[in-house]
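Worth knowing before you read on, the calculation uses all heavy atoms, side chains too, and leaves out hydrogens, waters and symmetry mates. When a residue number appears, it is its place in the shown sequence, counting from 1.
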Amino acid sequence: MIFDVLDEGGSVAEGRRFSVTNSELGFHTDNSFERAVPRYVMMYCLRVALHGGVTQLVSGHSVLDRLSHSFPNVVDRLKAPFWFDRRGGIALGERQCASYPVVAFDPRGPMIRYLRYYIEAGYAKANETIDPETRHALDVFDRLCVESESRANFLLAEQEVLVVNNHSTLHARTTFRDGAGVKRHMIRVWLQPETNPSPNTPA
């Protein structure tokens with residue numbers, strides 16, 4: 001799937017997806033709210049922003065290792081279901097939110113589904129309250145992503161390409177501002193080499 005990532009105006013609070021706004025986007029994996037999570041995400045930079053738009057990466061392996069050693073109870077909660085807002089694109093009669101664990105494992109390694117804003121919006125649409133244990137797990141996960149020694153920050157230059165494993169690498173971007181008549185423009189490609197979804201992908 002190929003998609004243009006650029007600011008079309010509007011805001012996430014109005015129901016827009018982050019990919020068509022200039023909002024700051026915390027650490028996440030793409031398409032975390034749908035059954036099929038692409039294994040790889042490729043970003044090709046056509047144009048940079050006037051200001052901002054810094055790309056950030058963190059290894060999910062390093063975050064999970066630290067969680068396992070220091071916060072095993074958080075790992076247990078992350079392996080249980082969370083509500084995710086599906087952000088539209090649903091067929092008539094389908095629910096606006098879906099339930100998946102943030103972390104699942106199979107022989108190929110971890111599969112991480114995460115975008116904090118969409119989780120909180122998912123709970124709101126499911127008319128459920130985020131209990132203290134769940135909020136603590138999300139807070140710890142966010143903090144370890146930011147504090148991780150594997151975290152990288154860089155600005156993609158025009159014609160540069162970034163490819164990440166979307167199951168085990170989280171990415172983020174800072175807010176940005178476009179110039180007059182010139183928009184920050186990324187081409188995002190989702191790649192799924194397997195014919196069948198991961199055995200741990202919930203139905």
Is there a side-chain contact between [X] and [Y] in this structure, where contact means two heavy atoms from C-beta onward sitting under 4.5 Å apart?
X      : Y      : answer
Ser32  : Phe84  : yes
Phe154 : Gln56  : no
Leu57  : Val164 : yes
Lys125 : Arg95  : no
Val12  : Arg87  : yes
Pro193 : Arg39  : yes
Val58  : Glu149 : no
Val75  : Val103 : no

Q: Go through the steps for Arg173 and Glu24 under the test salt bridge (charged side-chain N to carboxylate O under 4.0 Å, His left out), then give the verdict.
A: CA-CA 6 Å; Arg173 69 137 194 256; Glu24 180 177 0; over 6 Å; no
Q: Could you walk me through whether Tyr117 and Phe18 pass the ring-ring contact (aromatic ring centres under 6.0 Å, His included) test, one step at a time?
A: CA-CA 10 Å; Tyr117 189 97; Phe18 280 94; 5.6 Å; yes
**Q.** Main-chain N/O of Val37 paired to Gln192 side chain as donor or acceptor, under 3.5 Å
**A.**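 Yes; at least one donor-acceptor contact below 3.5 Å.
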Establish whether [X] and [Y] are linked, either directly or via other cluster members, by ILVMFWY side-chain heavy-atom contacts under 4.5 Å.
X      : Y      : value
Trp83  : Tyr100 : yes
Leu64  : Val146 : yes
Leu46  : Phe3   : no
Phe176 : Leu6   : no
Met1   : Leu162 : yes

Q. Within a reach of under 6.0 Å around CD of Glu158, are more than 12 heavy atoms found that belong to other residues, nucleotides or ligands?
A. yes
Q: Kindly check if the number of other-residue, nucleotide or ligand heavy atoms within 6.0 Å of NZ (Lys79) is above 12?
A: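 Counting neighbours around NZ of Lys79, 12 or fewer heavy atoms of other residues, nucleotides or ligands fall under 6.0 Å, so no.
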First locate atom [atom1] of [X], then atom [atom2] of [Y], and finally report the distance between them rounded to the nearest 0.5 Å.
X      : Y      : atom1 : atom2 : result
Leu170 : Asp142 : CG    : CG    : 9.5 Å
Phe27  : Ile112 : CZ    : CD1   : 12.0 Å
His51  : Thr175 : NE2   : OG1   : 12.0 Å
Asn73  : His136 : CG    : NE2   : 8.0 Å

(Q) With ring pair (Phe, Tyr, Trp, His ring centres under 6.0 Å) as the rule and sequence neighbours excluded, what pairs involving residues 29-50 come up? (A)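 Checked against ring pair (Phe, Tyr, Trp, His ring centres under 6.0 Å) - neighbours excluded - the pairs reaching residues 29-50 are Phe33-Tyr118.
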Q. Is the Lys NZ or Arg CZ of Arg77 less than 6.0 Å from the centre of Phe82's six-membered ring, within 45° of the axis?
A. yes
Where is the tightest heavy-atom contact between [X] and [Y], given as atom of each residue plus distance?
X     : Y      : answer
Arg35 : Arg113 : O-NH2, 3.1 Å
Leu25 : His28  : CD2-CE1, 3.2 Å
Cys45 : Ala157 : CB-O, 3.3 Å

Q. Val63 pairs by side chain to side chain contact (heavy atoms under 4.5 Å, CB included) with which of Pro110, Ser168, Cys145?
A.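 Testing Val63 for a side chain to side chain contact (heavy atoms under 4.5 Å, CB included) against Pro110, Ser168, Cys145 leaves exactly one candidate, Cys145.
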Can you give the donor-acceptor pairs under 3.5 Å from side chains of residues 182-190 to other protein atoms, not counting sequence neighbours?
unit_1 : atom_1 : unit_2 : atom_2 : d
Lys183 : NZ     : Asp7   : O      : 2.7
His185 : NE2    : Asp4   : OD1    : 2.7
Trp190 : NE1    : Asp30  : OD2    : 3.0

**Q.** Ser59/Ser150 under side chain to side chain donor-acceptor pair (under 3.5 Å): CA gap, chis, key distance, verdict
**A.** CA-CA 6 Å; Ser59 165; Ser150 72; 4.6 Å; no
(Q) Could you tell me if Thr134 and Asp131 have a donor-acceptor pair between their side chains, going purely by distance under 3.5 Å? (A) yes
Q. With sequence neighbours excluded, what pairs up with Arg177 under the salt bridge (Lys or Arg N to Asp or Glu O under 4.0 Å) test?
A. none
(Q) Looking only at the aromatic ring of each residue, does the gap between the centers of Phe141 and Tyr114 stay below 6.0 angstrom? (A)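 They qualify: ring centres under 6.0 Å apart.
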